[in-house]
Amino acid sequence: MQLKTILNRVERYKSFVYGEPRWADDASSTIEVPILARANGRPICSGCGKRRPGYDRLQPRRFEFVPLWQIAVVFVYALRRVNCPSCGVVVEQVPWSTGKGRLTTTYQWFLAGWARRLSWKEVATVFHTTWEHVRDSVRHAVRWGLVHRDLSGAQAIGVDEIQWRRGHHYLTLVYQIDAGCKRLLWIGRERTEASLRRGLELLGESFCSELRFVCSDLWRPYLKVLAELAGGAVHVLDRFHIMKQLGQAIDDVRAGEARRLKQDGYEPVLKHSRWCLLKRPENLTDKQTVKLDELLRYNLQSVRAYLHREEFQRFWQYQSPGWAGKFLDEWCARVMRSRLDPLKKVARSLRKHRPLLLNWFRAKGTISAGIIEGFNNKAKLTMRKSYGFREYETIELALYHQLGQLPQPEVTHKFC
Ligand SMILES: [Zn+2]
């Protein structure tokens, strides 16, 4: 079987034919596949997409294609220029490349496909290409996917923020969290009103008006924009964010208490206790369990804060908003009597947002509990895997590519 036969099967172009493949002149073990335009075919103008008379022919150019058995494959073709009455003398449009860059479109989809499974650096190494080529391929895939994705039928979204780089740099992320379709819809810099507003406006007015549930934390700018732009939806406060706030409150109590104990010259009972108090008991290591048992013997503020949080877990198990509300009121009342200031702050804010909190029970069944948390973890993992990404655009591309479930064009042959 000839290489040409294979190529015609996996990648056939209407107005072009493959010439005889040959080894490249240099010693690089590269297969060169010449491409020829059919004699009767007039070139297509890259400006307007219409067939136009030919003008002249440029020097042959190389377009990298998917490698075969670790042998590089390049297409060689001399682009024609057309004489177009509306666009002037411009280069022709060819089906294997977008015109810019040295990679064929198929090879870009191939690299982008691998970049979802491996780190970009690994992809570049495995396929003997550069990190920049991998990034360009992902960019191409993401742009195509964003233009061609279908946003209709979305009923629930979640809004989350994630820390980016050191210091107070945040990204705002909007997810679709419907039972049948979970994906990242939008990313923007900062976590301000303006950033979320930009995202929702981009998703469109009709998109926002059809939403039944929106899910977020207690971050005020988000609450405000969601009420304004998606006022028809039931606003749900997310379980993940509330438990995170409680965790932070415990940590504050513990840190304050550890300082006081040290000042008063007591044994450092709280040393190495951080994770015992923050983790759920079922996730503790043996050593941490021993430490927790030890801690529980003291009537420490940290321990009391911990027990309040553990008790609050029960809240999520209620079925009806009525009973959950009763539990919430009692829990808040207990915490307010506790003299644990960081925890009291959380209780006050929960009281203030009581209706939103109880909406969680109205959305039960539609929105699954761990979904925002799951996305948050995946986003963090993507960012960690792409360490070295300093530029915002790169992070944005990586997140869309990994979590956006973006569509791909239909092709005759899938290379990866
Ligand atoms: Zn034209």
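When a ligand or atom number is given, it counts from 1 through the structure's own listing order.
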Pairs meeting criterion salt bridge (Lys or Arg N to Asp or Glu O under 4.0 Å) with involvement of residues 339-355, two or more places apart: D329-R354, D341-K344
Near-ring test W164/Y392, centroid separation under 6.0 angstrom: yes
Cut-off under 2.8 Å, centre the Zn ion (ligand 1), protein N/O/S atoms: C45 SG, C48 SG, C84 SG, C87 SG
Enumerate donor-acceptor pairs with a distance under 3.5 Å from any side-chain N or O in residues 107-117 to protein atoms, sequence neighbours excluded.
unit_1: R116; atom_1: NE; unit_2: H401; atom_2: O; d: 2.9

Pairs meeting criterion salt bridge (Lys or Arg N to Asp or Glu O under 4.0 Å) with involvement of residues 124-143, two or more places apart: D136-R139, R139-E393
Aromatic ring pairing W316/F312, orientation class (parallel under 30°, perpendicular over 60°, tilted between): perpendicular
Ring geometry between F75 and F65 (parallel below 30°, tilted from 30 to 60°, perpendicular above 60°): parallel
